[in-house]
Engineer: 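Structure incoming, see below.
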Amino acid sequence: MGAKLVHDISRLLTKYWPLYLSGVRNTLVLALIATAIGCLIGLVCGVLNTIPYTKNDPAPKRFFLRLVRILVRVYVEVFRGTPMVLQAVFIYYGLPYFTASAMRFDSVWAASILVVSINTGAYMAESVRGGIISIDPGQTEGAKAIGMNHVQTMTSVILPQALRNIMPQIGNNFIINVKDTSVMFIISFTEFFAAHRYIVGINNLYFPSATIEMVGYLTMTLAASALLRWLEKWMDGSDSYDLVEADPLVMTAGTYSHPDKGSPFDERSKEFERKEGR
């Protein structure tokens, strides 16, 4: 049976490797673009969702921020609580249905990027919010104490640290998108899984083709995981530090005090006695 599987896989790869390769390329490009856009959406939503306000603020500001938080919450709950395949159906087929084709997508690429991006943004919004509130509040207070406004505090103090905290979630979303783009076949987007479906329809070799798909997806996700670990390590900086056992400037200044000998300025030292003529 193993020899037959290897033979069937070899047949499929020999004949259809350009189609498989095209599917891999489309999958990676869609996942990369959609993850990047989704991160931007999540960043905006997360920042808007954490803008502070008090009862002493003007009523229009409080109303606006409350409205923004309600809209962000609805967006997050809807797109996190429904399958991406149904989101694709509602956006690609539903918009023309309800607008009498006034709003429709002429490019399946544009539709696919939109669907995956807004789905990713819903998850990233909560990740960004969590990353922001995880930063010690004392840092915000310190930034305000030196005269920073909210925008300066967020861009210079909070977000750089929050970005490092949410980096694993960004990588996780990218890996999820590599796999979840497989549902885009529902709107005729030709990614890796769609190539598999087409080839199976021609040859009826479902399991051999599925094996190629599984190995392909595993290779992509493992490569992405390795790259993201390297990126996280790079952001952490060097972990090699040299301990400073003595400050040469302090030694030169003569303020070093040996527990037994004292310092040149210490009455216990012989050098001090010589200076005083004792």
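Everything quoted here is computed from the prediction, not taken from an experiment.
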Engineer: Mind checking whether Val108 and Val85 sit in one hydrophobic cluster, side chains of I, L, V, M, F, W, Y counted as touching below 4.5 Å?
Structural biologist: yes
Engineer: Please report the C-alpha distance between Tyr20 and His196 in whole Å, then the side-chain angles of each, then the deciding distance to 0.1 Å, and finally whether the ring-ring contact (aromatic ring centres under 6.0 Å, His included) criterion is met.
Structural biologist: CA-CA 7 Å; Tyr20 282 120; His196 155 72; 7.9 Å; no
Engineer: Are side-chain heavy atoms of Thr50 and Ile158 found at a separation under 4.5 Å?
Structural biologist: no
Engineer: Under the side-chain contact (heavy atoms from CB on, under 4.5 Å) rule, what do Val157 and Met148 come out as? Steps first, then yes or no, please.
Structural biologist: CA-CA 10 Å; Val157 179; Met148 286 187 175; 4.0 Å; yes
Engineer: Quick one: closest heavy-atom pair of Ser225 and Ile175, and the distance?
Structural biologist: OG-CD1, 3.2 Å
Engineer: Between Tyr75 and Phe79, does the ring centre distance come in under 6.0 Å?
Structural biologist: yes
Engineer: Excluding sequence neighbours, so at least two apart, what forms side-chain hydrogen bond (donor to acceptor under 3.5 Å, both in side chains) with Asp106?
Structural biologist: Arg104
Engineer: Would you say that Ile132 contacts Val128 through its side chain, given a criterion of any heavy-atom pair below 4.5 Å between the two side chains?
Structural biologist: yes
Engineer: Quick one: closest heavy-atom pair of Val76 and Ala125, and the distance?
Structural biologist: CG2-CB, 3.9 Å
Engineer: Quick one: do Leu163 and Ile170 satisfy side-chain contact (heavy atoms from CB on, under 4.5 Å)? Show the steps, please.
Structural biologist: CA-CA 9 Å; Leu163 179 62; Ile170 294 175; 4.1 Å; yes
Engineer: Using 0.5 Å steps for rounding, measure from the CG atom of Asp8 to the OG1 atom of Thr211.
Structural biologist: 9.5 Å
Engineer: Rounded to the nearest 0.5 Å, what separation is found between the CZ atom of Phe174 and the CG atom of Asn172?
Structural biologist: 11.5 Å
Engineer: Say you draw a straight line from OG1 of Thr221 to OH of Tyr217; how long is it, rounded to the nearest 0.5 Å?
Structural biologist: 10.5 Å
Engineer: When you compare the side chain of Leu43 with that of Met124, does any pair of heavy atoms fall below 4.5 Å?
Structural biologist: no
Engineer: Carefully, step by step, assess Phe105 and Ile91 under the rule side-chain contact (heavy atoms from CB on, under 4.5 Å).
Structural biologist: CA-CA 9 Å; Phe105 291 92; Ile91 291 176; 3.6 Å; yes
Engineer: If you count heavy atoms of other groups shown closer than 6.0 angstrom to CZ of Arg229, is the number above 12?
Structural biologist: no
Engineer: Quick one: does Leu40's side chain get under 4.5 Å of Val44's, heavy atoms only?
Structural biologist: no
Engineer: Could you state whether Leu218 and Phe193 fall into the same hydrophobic cluster, counting links through intermediate Ile, Leu, Val, Met, Phe, Trp or Tyr residues with side-chain heavy atoms under 4.5 angstrom apart?
Structural biologist: no
Engineer: When you look at Glu126 and Arg129, which way does the salt bridge (Lys or Arg N to Asp or Glu O under 4.0 Å) test go after all the steps?
Structural biologist: CA-CA 5 Å; Glu126 287 299 286; Arg129 186 181 70 86; 3.1 Å; yes
Engineer: Taking salt bridge (charged side-chain N to carboxylate O under 4.0 Å, His left out) as the cut-off, I'd like each qualifying pair that reaches into residues 75-95, sequence neighbours left out, listed once.
Structural biologist: Arg73-Glu77, Glu77-Arg80
Engineer: So Thr120 and Asn173, side chain to side chain donor-acceptor pair (under 3.5 Å) or not? Walk me through it.
Structural biologist: CA-CA 7 Å; Thr120 303; Asn173 279 327; over 6 Å; no
Engineer: Indicate yes or no: at least one non-hydrogen side-chain atom of Gln139 is less than 4.5 angstrom from one of Gln161.
Structural biologist: yes
Engineer: Are there over 12 heavy-atom neighbours, none belonging to Trp109, within less than 6.0 Å of that residue's CH2?
Structural biologist: yes
Engineer: Hey, what do you get for OG (Ser107) to CZ (Phe189), rounding to the nearest 0.5 Å?
Structural biologist: 9.0 Å
Engineer: Find out whether Met167 and Arg164 are in side-chain contact, i.e. whether some heavy atom of one side chain is under 4.5 Å from a heavy atom of the other.
Structural biologist: yes
Engineer: Working to the nearest 0.5 Å, report the span between NE2 of His7 and CG of Leu12.
Structural biologist: 10.5 Å
Engineer: Counting distance only, does the side-chain N/O of Ser10 pair as donor-acceptor with the main-chain N or O of Val6 below 3.5 Å?
Structural biologist: no
Engineer: Which heavy atom in Phe192 sits nearest to a heavy atom in Glu213, and how many Å separate them?
Structural biologist: O-OE2, 2.9 Å
Engineer: Less than 4.5 Å apart, side chain to side chain, heavy atoms only: is that true for Thr219 and Val24?
Structural biologist: no
Engineer: Stepwise, does the side-chain contact (heavy atoms from CB on, under 4.5 Å) test hold for Tyr16 with Asn203?
Structural biologist: CA-CA 11 Å; Tyr16 298 106; Asn203 295 273; 2.9 Å; yes
Engineer: For Asp136, look at atom CG and say whether over 12 heavy atoms of other residues, nucleotides or ligands are found less than 6.0 Å away.
Structural biologist: yes
Engineer: Run through Thr14, Ile212, Val215 and flag the one making a side chain to side chain contact (heavy atoms under 4.5 Å, CB included) with Ile9.
Structural biologist: Ile212
Engineer: With clusters defined by side-chain heavy atoms of hydrophobic residues (ILVMFWY) lying less than 4.5 Å apart, directly or transitively, does Leu67 cluster with Leu65?
Structural biologist: no
Engineer: Walk me through whether Thr181 and Glu191 qualify under side chain to side chain donor-acceptor pair (under 3.5 Å).
Structural biologist: CA-CA 7 Å; Thr181 52; Glu191 38 69 54; 4.6 Å; no
Engineer: Heavy atoms only: give me the nearest Tyr93-Ile187 pair and the separation to one decimal.
Structural biologist: OH-CA, 3.7 Å
Engineer: If hydrophobic clusters are built by linking Ile, Leu, Val, Met, Phe, Trp and Tyr wherever their side-chain heavy atoms come under 4.5 Å apart, do Phe207 and Leu13 end up in the same one?
Structural biologist: yes
Engineer: State, to 0.1 Å, how close Gly147 and Gln152 come at their nearest heavy-atom pair, and which atoms those are.
Structural biologist: O-OE1, 4.1 Å
Engineer: Would you say Ser182's side chain and Lys179's backbone share a donor-acceptor pair under 3.5 angstrom?
Structural biologist: yes
Engineer: Would you call Met184 and Thr190 a side-chain contact if the rule is heavy atoms closer than 4.5 Å?
Structural biologist: no
Engineer: Measuring from Trp17:CH2 to Ser22:OG, what's the distance to the nearest 0.5 Å?
Structural biologist: 11.0 Å
Engineer: Quick check: closest heavy atoms across Ile113 and Ser117, and the distance to 0.1 Å?
Structural biologist: O-OG, 2.5 Å
Engineer: In this structure, would Ile176 and Leu227 fall into the same cluster of hydrophobic residues linked by side-chain contacts under 4.5 Å?
Structural biologist: no
